[in-house]
Each structure stands twice: as structure tokens, then as C-alpha cells.
Number of protein chains: 2
Amino acid sequence: MRDIKNKLISMFRNGYCTPQIARIAKKIKEPSTTIHYNIKKLEKEQVIKAYKAVFDYKKIDLGYCVYVLCQISPDEYADPERIAKDLVKHDNIESVDICTGDWELILKIRAKDQDEYYQFIKSVISRKGIIKIITVSSLKQLKTEFIPT
Amino acid sequence: MRDIKNKLISMFRNGYCTPQIARIAKKIKEPSTTIHYNIKKLEKEQVIKAYKAVFDYKKIDLGYCVYVLCQISPDEYADPERIAKDLVKHDNIESVDICTGDWELILKIRAKDQDEYYQFIKSVISRKGIIKIITVSSLKQLKTEFIPT
DNA sequence: TTGATTACTGAATATTATTCTAATAAATGG
DNA sequence: CCATTTATTAGAATAATATTCAGTAATCAA
């Protein structure tokens, strides 16, 4: 037991996957070299950003999921991206959007449980020019990343 | 030009990818058969739900992205999943969450532009026991599906 | 129409996944 | 604690798959 499982999970969260050319070729009845050519093109044009796995997050200790709606302080209005960019690098954050309306920032955050989430909020979301947050926590996820659960 | 591109995109949105066992094996310095064994185990236990691609959505006509916060009508409280389950099957919907608080339902929706989004809302979100919605539209996406953009 | 670029494809090769078998290691029940 | 079962690890052989290359066809722009 060398904990290969957790290494795999963290690798699959944002890469280490690849298209199944032969299977696609069979499915749409085209030569596999043609499929290969077209996929490489999409990759070169950066239409495809990554190949990754989607998990049953309850089973990998990321079952607690919340949406965080943020208002940022007026002195950050000129450049909301400064705050946002800093958030991007955290593994617990699934998505970061700069938005219109009452909330300038919407985050989707995953953690093991409420405790871990609370620790995360304290250390990451506080300070940083965020003046008000509303947490909407997910009771049940029926679809994530386009994958029904 | 047989429009292989769009077929690939729709296939990659929720599958037709696979792990790169050899590359992982090299990376973490374990035999590839061991990696294979561990991956198959994760798949069997349904820890991994799918292998898929993540796109630059602006480049595949899904650049318009909004979060829709919904209040459902009191007579649906007993079973909010009835509404939610119906939404899951639509391709424009990236995620569906049943939540606590003021909004019982949070959707993340992708469309080509505001027009296409409006058509979608009219045909799908209206009726169905949803009494109030707030649309928060994303001006800039810095991270999606754990992938920085 | 012509030349240039882009898209497609078969054949050959390189790489990778998978199966099978056996050996260890870990967990379990008395 | 030991015996027994079950889970995990790997090597060798094979099957399947991706990739390269070279040539052809289609598209496009002038």
C-alpha cells in the first residue's frame, strides 16, 4: 500500500488523460488517422485545454460543496482580477467567475466537510478585499462538469 | 470537411477519453501494471465517473456563461429533485445543485450568446414550478472544472 | 485557372494498454 | 499469535492503439 490511489486522483483532477482515437473512429466510422489529425488540430488551436477525470466527489473527500457569492471592496473595482487570480491556484476551488450584478465574484468550492471548508474560508477568502460573502451550500449535486451524478 | 470537429467536441464533452497509464507510471515511478490495477479499481468502485475534455468554451460557441439562482414554488418543496432531474439532461446545463438558503436550486448554464441563453431560459426554465430566478452572468471565467483558463 | 494551403488517409512503426501468472503484503478470524 | 483469505504488486507476453510519414484530394484566394 503505497497510496497510489491518492496520487492518481490528484493527477486525474486536471490531466493525465488522453482521447480514445480508435474508439471514436469506430463510433463515427472515419479512419483513425483522420481522427488523430483533427484532434491534434483542436489541441494546437487550444480549443481543448485538458483531458481529465470527473469523480464522485463524495468518494474522494470532497463531498462538501458550496457556492460563494462575493462582494468586493470598492477600491478593488478597477481590477477585480487581482483578487480572482490569486484564488485560481487553490485546489479546493473548482471555478472562479467575475460576474455582473450584486456579486462580483462567484466561487465554487469543494472540501471534505464543513470544518475543512471553514478553515479554507478563514485562511483564503478573508482579507483580500472581499467585503461580504454569501455561502450557498449544496445539499445534493445532480450534475457537475456536464456529468450527471 | 465532414465536420468531424463538432462530432469530436460533443463526444469529448462527457467521455471518449482514457487515462495515460504509461505516462503516469513514468511520473510516479511505479510499474505500469500496478497503475493499471489501481485505476481499474477506482473505476470499478465508481470513484471515477468519466474521463473527458475541458474546452476553451469561447472557442466552441459556449462562451456565454451564467449562474441561475432559483426559488421553487412551495408545493415543490417536498421533492425539489423532481424539477432538478429534468434539468440534468439538457446539454447547456453544466451543473445542477439543490441548495440551502434563499435559493433552492443553482444552475450553471452555457450558451453561445445572450440570445441563445434567452431562448433556453424561455423553453426550459419557465413553468416547472420555479417562481423566481436571479441570473448572475459571468464576465470572465478564470477557472472552470478545476482548470485555469 | 493556377498555385498554395488545408484536410484527409493507408501503410508502417512505435508506443501503450491489457492479460495472465506468480509473488508479496495486508487483513481477518480464531 | 498463527493460519487463512484477500488485496496489492509486478514481470513477461500479447493485443490494441497512437503516431509518423508520404502521398492524394479538397478548398481557397488571387
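Here is the naming used below: chain letters follow the sequence lines, and residue numbers restart at 1 for every chain.
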Assert: residue with more 5' nearest nucleotide on DNA chain D, out of Asp3(A) and Gln20(A), is Asp3(A)

Contact check, residues 23-41 of chain A vs DNA chain C, heavy-atom distance under 4.0 Å, returns Glu30(A), Pro31(A), Thr33(A), Thr34(A), Tyr37(A), Asn38(A), Lys41(A)

Here the pair of heavy atoms bringing Phe146(B) nearest to Asp91(A) is CE2-O, 3.5 Å

The ring-ring contact (aromatic ring centres under 6.0 Å, His included) partner of Tyr51(B) among Tyr16(A), Phe55(A), Tyr51(A), Phe12(A) is Phe12(A)

In whole angstroms, the gap separating C1' of dT9(D) from NZ of Lys5(A) amounts to 17 Å

query: Any side-chain donor paired with an acceptor under 3.5 Å for Ser137(B) and Tyr117(B)?
result: no

Tightest non-hydrogen contact, residues Thr144(A) and Val54(A), listed as O-CG1, 4.4 Å

Requested in this report: May I have the step-by-step check of salt bridge (Lys or Arg N to Asp or Glu O under 4.0 Å) for Lys7(B) and Glu30(A), ending in yes or no?
Outcome: CA-CA 11 Å; Lys7(B) 282 181 188 167; Glu30(A) 299 284 354; 5.0 Å; no

To the nearest angstrom, the NZ-P distance between Lys44(A) and dT5(C) comes to 16 Å

Ile21(A) CD1 to dT13(C) C1', in whole Å, measures 15 Å

ask   = Can you get from Ile83(A) to Leu69(A) by hopping between Ile, Leu, Val, Met, Phe, Trp and Tyr side chains that sit under 4.5 Å apart?
value = no

